There are 2 protein chains.
Amino acid sequence: MASSRTTDRTTIRTVAADAGVSVAAVSKVLRNAYGVSDELRARVETSIARLGYRPRAAARAMRGQTDTIGVLLADIRNPFFSDIMDGVHSALERTKYQSLVGISQSALSIELALVDAMTDRPMDGLILVAPRMVAADVTVTALRSPTVLIGHHEPQATLFDTVNDNDRLGAQLVVEHLVATGRSDIAFLSLEIDDPINALVTSQREIGYRAAMAENGLSAHVDIVRAGQSSRETQAAARRMLKSGERPEAIFCWTDFVALEVLSVARELGLSVPEDVAVVGYDNTSYCDLAQNDLTSVDQSGHTLGLQAARLLIERIKGRISPEHFVVTPRLVARGSSRPRT
Amino acid sequence: MASSRTTDRTTIRTVAADAGVSVAAVSKVLRNAYGVSDELRARVETSIARLGYRPRAAARAMRGQTDTIGVLLADIRNPFFSDIMDGVHSALERTKYQSLVGISQSALSIELALVDAMTDRPMDGLILVAPRMVAADVTVTALRSPTVLIGHHEPQATLFDTVNDNDRLGAQLVVEHLVATGRSDIAFLSLEIDDPINALVTSQREIGYRAAMAENGLSAHVDIVRAGQSSRETQAAARRMLKSGERPEAIFCWTDFVALEVLSVARELGLSVPEDVAVVGYDNTSYCDLAQNDLTSVDQSGHTLGLQAARLLIERIKGRISPEHFVVTPRLVARGSSRPRT
DNA sequence: GCATGGGCGTAGACCGTTCTACATAGCACC
DNA sequence: GGTGCTATGTAGAACGGTCTACGCCCATGC
């Protein structure tokens with residue numbers, strides 16, 4: 001079966017024979033290692049080009065590097081993750097590294113399986129985006145291969161790097177903005193998670209929200225609603241919040257994606273935004289700027305996060321041991337969905 | 001450097017020693033190959049569990065399978081591709097296969113590099129989603145590993161399978177719907193591509209659009225505008241179309257993602273949808289259903305496409321040689337953005 | 001003239017699996 | 001008791017790279 005496929009691929013041995021040198025010499029050229037004369041290099045490169053030779057990553061992986069980094073994404077639907085990937089790609093552009101992505105669908109079990117799969121592959125390093133796993137699991141992973149986390153607060157960690165937005169501050173900016181525009185009854189629509197840990201961005205935003213409400217003397221108004229990932233659950237939660245007798249004056253959503261659903265439900269219920277209810281998102285994804293959404297949001301530059309993570313990872317692959325924890329400062333981008341009421 | 005990381009991983013030899021059997025025996029158990037007694041299997045499995053052994057994919061790749069399939073996505077931003085990935089994941093759920101994704105950012109050069117990287121990895125098979133490459137390149141790829149294409153029309157191909165929507169029909173449905181709702185000046189906003197080929201979904205939709213316009217005696221109104229991927233280019237094109245003296249009565253966009261931008265521009269220009277201009281998308285992604293978009297679109301069930309592709313790929317990996325070409329029939333989902341004018 | 005050392009290239013072990021070819025045991029049958 | 005067959009387990013050669021250890025050559029210094 002599939003026997004027609006064994007095309008007798010050209011290997012390093014073929015190249016060596018063609019160039020009339022040893023296998024080791026070809027390997028040296030490939031890795032541009034020390035001890036190769038210009039003449040030998042030229043000869044080998046000519047043969048490589050003529051034969052169209054490509055080293056097999058699998059064989060390479062057994063002893064050396066694979067020049068591949070693995071990215072674990074929780075959720076491909078959230079457009080914010082596209083921004084992160086853009087950043088990763090631009091950091092990798094001029095390097096020898098390529099990225100391969102695993103999608104965990106926000107399920108812890110899949111996440112763990114994927115990390116295992118990637119370490120078995122193996123990859124030279126891993127970028128985990130918004131992972132759900134607990135510190136112990138991250139540690140195990142980091143011991144096996146260089147690791148950088150995005151969107152996971154573990155500022156004391158020494159075995160891996162982290163790249164984060166200051167999520168507490170971001171939430172505070174939102175609350176302050178809403179207060180400044182005349183709202184005080186501000187609810188937070190967060191994400192429901194089985195075993196929430198403080199490292200999660202949603203937890204951090206909840207903390208920031210609580211703190212800011214307290215600072216503004218609004219502790220009595222604190223209202224955190226948590227809904228699952230799915231559109232159905234999100235809409236149901238939004239509907240409950242907007243229909244209830246004491247509808248909040250503003251809903252702050254943990255991510256833009258959710259805020260768009262809230263806007264939709266509000267419109268369906270005949271409510272006007274921002275008159276009847278203000279809506280604010282988080283991440284400042286490209287959807288916020290569309291006129292039909294006109295959504296106030298918090299910018300944390302996914303591009304920068306991805307870029308930094310990739311940079312740090314490469315440093316770590318190259319041997320850095322000391323941990324680095326990069327934090328970007330969020331910035332509120334006010335749009336129509338939170339304009340002061342007239 | 002990173003020497004602390006060499007944790008002396010347990011290998012198949014460790015397991016063999018622990019269970020008191022040969023390496024080959026362990027390998028047999030792992031692959032559940034023929035010629036293993038229940039007693040031996042039990043013994044080996046106990047050792048595997050006790051040692052927490054995991055076979056390394058890289059070593060495995062050198063002779064056998066890797067149980068990994070590669071998916072090449074053109075663009076992670078387009079939410080339609082999320083639907084496809086959902087389908088792929090559900091097909092793979094109960095199998096031993098895992099998927100790893102490469103993102104080409106709609107660039108032909110990256111696409112080719114990624115396909116090479118994946119074949120070198122190697123993967124057991126490849127799913128290429130909306131690839132730009134020409135038939136010759138696909139053929140080369142298919143000769144190296146089992147391949148299924150999604151969103152690439154090559155119905156005669158024998159070396160690989162394809163999974164497609166009937167894009168011509170989809171475009172026809174749109175034109176007919178718009179005609180039925182009283183429009184005749186219907187423009188098509190398509191995608192600009194350097195070297196367009198007929199196999200692309202955009203080309204197919206253009207063909208369907210032209211044909212349907214002709215059938216309805218509207219050939220004089222045929223107007224195909226092509227814009228690049230970026231939001232900036234899309235908006236610029238939309239602005240030109242909507243501002244011009246002879247603004248069309250309807251704009252049919254090649255994908256939802258673009259239609260959302262058009263809705264935004266229309267609103268910015270103070271035009272009302274669908275009164276001043278009707279807008280229709282393609283793919284029926286989840287954004288269409290949001291009240292602020294309320295976008296008419298064509299459903300081609302990305303979930304089904306992904307599911308079928310994964311199924312076909314596994315069949316092919318298992319030895320099927322004869323080509324299969326799966327085609328789904330699109331369905332128009334009418335919403336507010338194309339309601340008849342009152 | 002001879003030891004020294006740096007530059008260059010090579011031989012061959014090694015990485016962790018798979019898989020073919022073969023050895024052995026047990027059993028049925030004559 | 002010998003023969004043939006099946007069922008089970010094993011030895012060892014792949015797979016295609018990397019990388020260490022070493023040898024050769026030539027220039028240099030004394």
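What you see is a predicted model, and the numbers here were worked out from it, not measured in a lab.
Note on B/Arg54 versus A/Asp120: salt bridge recorded, some NZ/NE/NH1/NH2 to OD/OE distance being below 4.0 Å.
Rounded to whole Å, atom P of D/dG16 lies 12 Å from atom CG of B/Asp120. Atom CG of B/Asn32 is separated from atom C1' of C/dC19 by 15 Å (rounded to the nearest Å). The separation between B/Ile12 atom CD1 and D/dA11 atom C1' is 14 Å, rounded to whole Å. Counting to the nearest Å, the C1' atom of C/dC14 and the CZ atom of B/Arg9 are 17 Å from each other. With rounding to whole Å, A/Arg121 atom CZ is found 17 Å from C/dC15 atom C1'. Taking atom CZ on A/Arg43 and atom P on C/dG9, their separation rounds to 8 Å, with Å as the unit. Computed from coordinates, the B/Arg60 CZ to C/dC15 C1' distance equals 16 Å when rounded to whole Å.
OP1 or OP2 of C/dG6 has not a single side-chain nitrogen or oxygen of A/Tyr34 nearer than 4.0 Å. Side-chain nitrogen and oxygen atoms of A/Arg56 include none within less than 4.0 Å of the OP1 or OP2 phosphate oxygen of D/dG17. Residue B/Ser22 places at least one side-chain N or O under 4.0 Å from the OP1 or OP2 atom of D/dT10. Using a 4.0 Å cut-off, no side-chain N or O of B/Ser37 falls inside it from OP1 or OP2 of D/dA7. OP1 or OP2 of C/dC19 sits under 4.0 Å from a side-chain N or O of B/Arg31.
Residue-to-nucleotide proximity on DNA chain D shows that, of A/Gly64 and B/Asp38, the 5′-proximal contact is made by B/Asp38. Comparing B/Leu40 and B/Ala59 against DNA chain D, the residue whose closest nucleotide sits nearer the 5' end is B/Leu40.
Side-chain to base pairing of A/Arg63 with D/dT18: one donor and one acceptor N or O lie within less than 3.5 Å of each other. In the interface, the side chain of A/Arg13 is paired with the base of D/dG17 through a donor and an acceptor atom under 3.5 Å apart.
A/Val23 comes within contact range of at least one nucleobase, with a heavy-atom separation under 4.0 Å. Among the heavy atoms of the strands lying under 4.0 Å from B/Ser27 is at least one base atom, whether or not backbone atoms are also near.
To the nearest 0.5 Å, atom CG of residue A/Leu126 and atom CG of residue A/Leu313 are 8.0 Å apart. Between the CZ atom in A/Arg31 and the CD atom in A/Gln65 there is a gap of 11.0 Å [rounded to 0.5 Å].
When distances are taken from the side chain of B/Met62 to each of D/dT18, C/dT10, D/dC15, the shortest belongs to D/dC15. Closest contact between the side chain of A/Lys28 and the listed nucleotides C/dT10, D/dG16, C/dT17 involves C/dT10.
Remark: the backbone N or O of A/Glu315 is not paired with any side-chain donor or acceptor of A/Arg320 at under 3.5 angstrom. No side-chain donor-acceptor contact under 3.5 Å links A/Gln105 to the backbone of A/Ile110.
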